[in-house]
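Okay, so here's the structure we're looking at.
Convention: sequence-line order gives letters A, B, ...; per-chain numbering from 1.
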Number of protein chains: 2
Amino acid sequence: MGVVRKTKSVQTILEIFNQTEEAISVVELIERLKSQMNKTTIYRILERLEEDALLHSFLGHDGVKWYAKCHECSSHDHHDVHPHFQCVDCGKVDCVEIDVTIPKIPNRQVMNSNVLIRGRCEECV
Amino acid sequence: MGVVRKTKSVQTILEIFNQTEEAISVVELIERLKSQMNKTTIYRILERLEEDALLHSFLGHDGVKWYAKCHECSSHDHHDVHPHFQCVDCGKVDCVEIDVTIPKIPNRQVMNSNVLIRGRCEECV
DNA sequence: AACCTTATTGCAACTATGTTGCAATAATAG
DNA sequence: CTATTATTGCAACATAGTTGCAATAAGGTT
Ligand SMILES: [Mn+2]
Ligand SMILES: [Mn+2]
Ligand SMILES: [Zn+2]
Ligand SMILES: [Zn+2]
């Protein structure tokens, strides 16, 4: 159903994502907000913000969930499908707006793809 | 250290991977072998077989670990870096030997990338 | 074949991420 | 201000994966 009521918790989380271009892992968010709200609340708010296409999510290399701001999405056109880049040195993750084209695969119908790139970010290079 | 002793358990797991070209999730393997060996043993054998470059691993869309046979790898040249394809209908996962080129990203040093493709497999198309 | 060394295994307990049910709380419409 | 119900906190649960340690068994040596 998405976010209906602009509660204090929703605002707090939205502000955090508006203050950075980086992706934030749920683990990091729980740690950062543990004195202010319950982890269940965090999971649920993130879910609702993704439904509203204000955030999008993906899995990092260790399988934990990350979220980042959406830019060109609306709730009925929610296709923030771009690669994500994780720095092996500082751990920072961000969205990269490059086009990775998946070639046709014989006899198979490609629907979408997740690309997770590892390397060194601008600050760690 | 890799596999040193060819135990019954190691042989069982190797046979399973040699009977198919498909990837197998650890979850599936634990289920299939639960009457024959402990899950800890399974995790540890898979780890050692990966060290030996007989298997390689990656994460599926839900974050669980999958393993598949290596083809052109040796323990000091273990770069089974190809995309993996997960069928949204039957759940089957396999290695696809296509080249997905990651374009250069300004100011960033790309080291490697994981590509997970979703779609319908030959049997489900 | 019996023996020794130590890699491997099973088990139980633990960690971590994520989910669920339900009662209490608080946004907001009227 | 009041009523409705979306949202929250909490505790309990689910599942994937890890760890320490004692028991077992490969496989080399005598
Ligand atoms: Mn993104
Ligand atoms: Mn593969
Ligand atoms: Zn960095
Ligand atoms: Zn299929």
Side-chain angles (χ1 to χ4, degrees), chain A residues 1-17 23-68 75 84 86 91 93 114 116, chain B residues 1-17 23-68 75 84 86 91 93 114 116:
Chain A
M1 186 161 47
V3 169
V4 175
R5 297 182 181 177
K6 273 221 169 162
T7 64
K8 193 80 199 303
S9 296
V10 169
Q11 285 172 38
T12 302
I13 289 182
L14 272 178
E15 274 166 32
I16 288 176
F17 279 98
I24 309 174
S25 75
V26 180
V27 173
E28 159 74 17
L29 220 42
I30 289 173
E31 175 61 28
R32 228 194 273 183
L33 296 174
K34 67 173 166 226
S35 62
Q36 302 175 54
M37 69 191 84
N38 192 273
K39 67 171 178 170
T40 310
T41 303
I42 297 175
Y43 279 111
R44 294 200 270 225
I45 289 177
L46 292 171
E47 214 172 87
R48 282 182 272 139
L49 291 176
E50 185 164 27
E51 277 186 66
D52 290 342
L54 297 176
L55 300 181
H56 62 280
S57 70
F58 54 95
L59 297 183
H61 274 100
D62 46 359
V64 312
K65 209 163 187 183
W66 292 71
Y67 281 87
S75 43
H84 293 94
Q86 185 156 24
V93 173
N114 291 14
L116 196 48
Chain B
M1 186 164 43
V3 168
V4 175
R5 297 181 184 177
K6 273 220 170 164
T7 64
K8 192 81 199 304
S9 296
V10 169
Q11 284 171 40
T12 303
I13 290 182
L14 272 178
E15 275 166 32
I16 289 176
F17 279 99
I24 309 174
S25 74
V26 180
V27 173
E28 159 75 17
L29 221 43
I30 289 173
E31 175 61 28
R32 230 195 270 184
L33 296 174
K34 68 172 166 224
S35 62
Q36 302 175 55
M37 69 191 83
N38 191 275
K39 67 171 178 170
T40 310
T41 304
I42 297 175
Y43 279 110
R44 294 200 270 224
I45 288 177
L46 292 171
E47 214 173 86
R48 281 182 273 139
L49 291 176
E50 185 165 27
E51 277 186 66
D52 290 342
L54 298 176
L55 300 180
H56 63 280
S57 70
F58 55 94
L59 297 183
H61 274 99
D62 46 359
V64 310
K65 209 163 187 183
W66 291 71
Y67 281 86
S75 44
H84 293 94
Q86 185 155 23
V93 173
N114 291 15
L116 196 48

[X] [atom1] to [N] [atom2], straight-line distance once rounded to whole Å:
X: A:Ile13; N: D:dT7; atom1: CD1; atom2: C1'; value: 12 Å
X: B:Gln11; N: D:dA26; atom1: CD; atom2: C1'; value: 11 Å
X: B:Leu33; N: C:dT9; atom1: CG; atom2: C1'; value: 14 Å
X: A:Glu47; N: D:dA6; atom1: CD; atom2: C1'; value: 14 Å
X: B:Leu59; N: C:dT17; atom1: CG; atom2: P; value: 14 Å
X: A:Asp62; N: C:dA16; atom1: CG; atom2: P; value: 13 Å
X: B:Lys34; N: D:dA16; atom1: NZ; atom2: P; value: 12 Å
X: A:Glu31; N: C:dA16; atom1: CD; atom2: P; value: 11 Å

What heavy-atom pair brings [X] and [Y] nearest, and what distance separates the two atoms?
X: B:His84; Y: B:His56; result: NE2-NE2, 3.3 Å
X: A:Glu47; Y: A:Tyr67; result: N-OH, 4.1 Å
X: A:Leu59; Y: B:Gly63; result: CD1-N, 3.5 Å

Practice task
Determine: side-chain N/O of A:Arg48 to OP1/OP2 of D:dA6, distance under 4.0 Å, yes or no.
Solution key: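 Negative; the distance criterion is not met.
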Handout entry: Phosphate-side-chain proximity, A:Thr7 and D:dT7, N/O vs OP1/OP2 below 4.0 Å
Key =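 Answer no for this pair, as no side-chain N or O of A:Thr7 is under 4.0 Å from OP1 or OP2.
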Practice task
Go through residues 37-45 of chain B and report each residue with a non-hydrogen atom lying under 4.0 Å from DNA chain C, sorted by number.
Solution key: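 Going residue by residue through residues 37-45 of chain B, the ones with a heavy atom under 4.0 Å of DNA chain C turn out to be B:Met37, B:Asn38, B:Thr40, B:Thr41, B:Arg44, B:Ile45.
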Exercise for the section: Verify, without hydrogens or angle tests, whether B:Gln11 (side chain) and B:Lys6 (backbone) share a donor-acceptor contact under 3.5 angstrom. Expected result: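 Such a contact is found between B:Gln11 side chain and B:Lys6 backbone.
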Practice task
By nearest nucleotide on DNA chain C, pick out whichever of A:Val4 and B:Lys8 is the more 5' one.
Solution key: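 Here B:Lys8 is the residue nearer the 5' end.
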Handout entry: Heavy-atom side-chain contact between B:Val10 and B:Arg5 under 4.5 Å
Key =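 No, their side chains stay 4.5 Å or more apart.
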Practice task
Measure the shortest side-chain to side-chain distance between A:Val3 and A:Leu49 over non-hydrogen atoms and say whether it is less than 4.5 angstrom.
Solution key: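 They are in side-chain contact.
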Practice task
State whether the distance check finds a donor on one side and an acceptor on the other, under 3.5 Å, for side chain B:Arg5 versus base C:dT6.
Solution key: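 Under the 3.5 Å cut-off, the side chain and the base do form a donor-acceptor pair.
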Problem - Identified side-chain contact (heavy atoms from CB on, under 4.5 Å) counterpart of B:Leu33 within the set B:Thr41, B:Thr12, B:Asn38 - result: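 For B:Leu33, the side-chain contact (heavy atoms from CB on, under 4.5 Å) check succeeds only for B:Thr12.
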